[in-house]
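Working notes, beginning with the structure itself.
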Amino acid sequence: MATQRLGIIMHGITGRMGYNQHLVRSICAIRDQGGVVLPNGDKVMPDPILVGRNAEKVEELAKRHGIARWTADLGKALASPDDTVFFDAGSTQMRTELLSRAIDAGKHIYCEKPIAETLADATSVARLATARGIRHGVVQDKLYLPGLQKIRMLRDAGFFGRIFSVRGEFGYWVFEGDWQAAQRPSWNYRKADGGGIILDMLCHWRYVLDNLFGEVKSVSCLGATHIPERVDEGGRRYDADADDAAYATFQLEGGVVAHINSSWAVRVRRDDLVTFQVDGTHGSAVAGLTRCYTQHRVNTPRPVWNPDVPQTMKFLDQWEEVPDNTVYDNGFKAQWEDFIRHVVAGTPWKYDLWQGVKGVQLAEAGLQSWAERRWVDLPALER
């Protein structure tokens, strides 16, 4: 059994997602477990070089996690033939230029979503990657969540019968930044900086819906800016002019109707920060990030509408939990491992930049629907 090195240029690792999920819980965790096992039994050991504009902060992160290499010079990192993969988790506004530079340098690409702010830019990057023949991928972490993997298992087992509706609730209260610090960066709430929950979250919902329930064919979306003023990281008040909530309905292939509410201005009273209810002719399921509950048609109770007396039925107790018969790894790490196998061994890979283009297409259609107050169809992508 041989172990080979894979040099990875990691950009955007000073941010919340880039640091926690991609650096610490993915690359560092893979390194600590001894690498990624290939189909032939060999192993791949990632060797990251951390890149960022704040040299002092990047150096500190490298030392904290025992990473030998770091730099503030992206051009120098891209010029090195010893590092063949470029990863980006920085701001959306920078991504088109960064990915294009990396592709021109011959690097394989893996990145966070959205892959661009506009459909035109997203398509341009994907076409460039296709033309250059490099391997490429986009993070689609929610498909790796235990809760949604259980939904997939139920679907494949025929539990639902014919699925006809999906209801999603996502979000939590993001503090305004005055009396408590915000949990999200301030750029998320400024249009000029590429903020907005429609661009952020509809990219997620595209790959969830496409892969689990049916390809999205059309969307009706209403956005809102519920909190118009916030306080940034430096204590300065600013106008929050980007949408912080989205209420979207989707028509899927096969007649499935999906509705997902997304909000950074909602207080949570549900099982998890995101939940999906799937209803079918034979059964229903509700899944969060990790847990999943089911109710089959033979176990469905008979509620009776009577507003004159207090409700005595305990509806939450009428559902049965799907057991953890499988060991689930961190979703980001699991997808990193799949991508590394794809790069090194050429194993099958579905989640390429074109899947990222589909996410941006839906986000752009959602914004158009909001602006024009109408349904918007999603045509097939032109590659």
Side-chain angles (χ1 to χ4, degrees), residues 140-172 201-202 204-222 246-263 266 268-328 331 334 350 362 375 378:
Q140 305 207 327
D141 56 285
K142 287 179 174 50
L143 292 175
Y144 288 77
L145 290 171
L148 288 185
Q149 290 192 61
K150 293 170 185 176
I151 289 287
R152 184 192 297 272
M153 178 191 69
L154 293 168
R155 182 204 65 185
D156 293 345
F159 169 82
F160 295 108
R162 177 178 58 83
I163 295 174
F164 50 78
S165 70
V166 179
R167 295 174 175 86
E169 289 285 344
F170 165 81
Y172 49 95
M201 294 311 302
L202 262 64
H204 279 298
W205 307 148
R206 181 70 192 266
Y207 68 73
V208 169
L209 296 172
D210 277 7
N211 284 279
L212 294 180
F213 310 113
E215 188 171 354
V216 180
K217 294 301 183 181
S218 59
V219 59
S220 173
C221 181
L222 174 65
Y247 310 92
T249 304
F250 311 91
Q251 292 179 321
L252 312 185
E253 186 177 32
V256 179
V257 177
H259 181 85
I260 304 178
N261 296 323
S262 311
S263 179
V266 62
V268 181
R269 194 178 189 277
R270 46 188 136 87
D271 289 337
D272 216 326
L273 297 186
V274 61
T275 58
F276 295 91
Q277 176 162 337
V278 184
D279 291 307
T281 53
H282 291 178
S284 298
V286 178
L289 295 171
T290 57
R291 307 179 80 170
C292 180
Y293 298 87
T294 61
Q295 188 174 99
H296 196 263
R297 62 176 175 175
V298 299
N299 297 323
T300 302
R302 185 191 296 272
V304 177
W305 174 258
N306 187 347
D308 299 322
V309 297
Q311 180 59 250
T312 59
M313 298 183 75
K314 297 181 179 180
F315 296 110
L316 295 180
D317 295 341
Q318 297 167 352
W319 295 70
E320 183 178 6
E321 184 170 4
V322 178
D324 288 322
N325 291 336
T326 300
V327 177
Y328 299 99
K350 180 178 181 180
L362 180 59
W375 281 91
L378 276 66

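This is a predicted model, so every value here is computed, not measured.
- Closest heavy-atom contact between Thr249 and Trp375: O-CZ3, 3.6 Å.
- Looking at residues two or more places apart in sequence or on another chain, you find no ring-ring contact (aromatic ring centres under 6.0 Å, His included) involving Tyr144.
- A donor-acceptor pair under 3.5 Å is formed between the side chain of Gln295 and the backbone N or O of Gln318.
- From Leu209, atom CG reaches atom CG of Leu362 across 8.0 Å, with rounding to the nearest 0.5 Å.
- In this structure, the separation between CG on Asp210 and NZ on Lys350 is 8.0 Å, given to the nearest 0.5 Å.
- In this structure, Ser284 OG and Arg297 CZ are separated by 12.0 Å, a value rounded to the nearest 0.5 Å.
- Tyr207 places a side-chain N or O within 3.5 Å of a backbone atom of Lys142 that can act as its donor or acceptor partner.
- Between Leu154 and Cys292, the shortest heavy-atom contact is CD1-SG, 3.9 Å.
- Nearest heavy atom pair, residue Phe164 against residue Thr281, reads CE2-N, 3.7 Å.
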Indicate every side-chain donor-acceptor pair of residues 301-311 with a distance under 3.5 Å to a residue at least two apart or in another chain.
{"unit_1": "Asn306", "atom_1": "OD1", "unit_2": "Asp308", "atom_2": "N", "d": "3.0"}
{"unit_1": "Gln311", "atom_1": "OE1", "unit_2": "Met313", "atom_2": "N", "d": "3.0"}

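- Proximity of a side-chain donor or acceptor of Lys150 to a complementary backbone N or O of Leu145 within less than 3.5 Å is not detected.
- Not a single donor-acceptor pair under 3.5 Å links the side chain of His204 to the backbone N or O of Gln140.
- With sequence neighbours excluded, the residues forming a salt bridge (Lys or Arg N to Asp or Glu O under 4.0 Å) with Asp279 are Arg167, listed by chain and number.
- Put simply, the side chain of Phe250 reaches to within 4.5 Å of the side chain of Ile260, judged on heavy atoms.
- Of the inter-residue distances, the one linking Asp324 atom CG with Gln149 atom CD reads 10.5 Å to the nearest 0.5 angstrom.
- A distance of 12.0 Å separates OG1 of Thr275 from OH of Tyr293, quoted to the nearest 0.5 Å.
- Atom OG of Ser165 is separated from atom NE2 of His259 by 12.0 Å, given to the nearest 0.5 angstrom.
- For Gly171 against Val266, the heavy-atom pair with the smallest separation is C-CG1, 3.7 Å.
- Under the side-chain contact (heavy atoms from CB on, under 4.5 Å) rule, Val278 has a single partner from Leu212, Ile163, Thr294, Val286, which is Ile163.
- Under the salt bridge (charged side-chain N to carboxylate O under 4.0 Å, His left out) criterion, no residue pair touches residues 157-166, with sequence neighbours excluded.
- Nearest heavy-atom pair, Phe170 versus Arg270, reported as atom, atom and distance to 0.1 Å: C-NH2, 4.0 Å.
- With sequence neighbours left out, Lys217 forms a side-chain contact (heavy atoms from CB on, under 4.5 Å) with Glu215, Glu253.
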Can you list the steps and then say if Val322 with Met153 is a side-chain contact (heavy atoms from CB on, under 4.5 Å)?
CA-CA 10 Å; Val322 178; Met153 178 191 69; 3.8 Å; yes
side-chain contact (heavy atoms from CB on, under 4.5 Å), that's the test. Do Arg206 and Leu378 meet it? Break it down for me.
CA-CA 11 Å; Arg206 181 70 192 266; Leu378 276 66; 3.3 Å; yes
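- Aromatic ring pairs are classed by plane angle as parallel below 30°, tilted from 30° to 60° and perpendicular above 60°; the pair Trp205 and Phe276 is perpendicular.
- The two residues Ile151 and Phe160 have their closest heavy-atom pair at O-CE1, 3.9 Å.
- Sorted by first and then second residue, the salt bridge (charged side-chain N to carboxylate O under 4.0 Å, His left out) pairs with a member in residues 309-320 form an empty list; sequence neighbours excluded.
- Within 6.0 Å of CZ in Arg155 there are more than 12 heavy atoms belonging to other residues, nucleotides or ligands.
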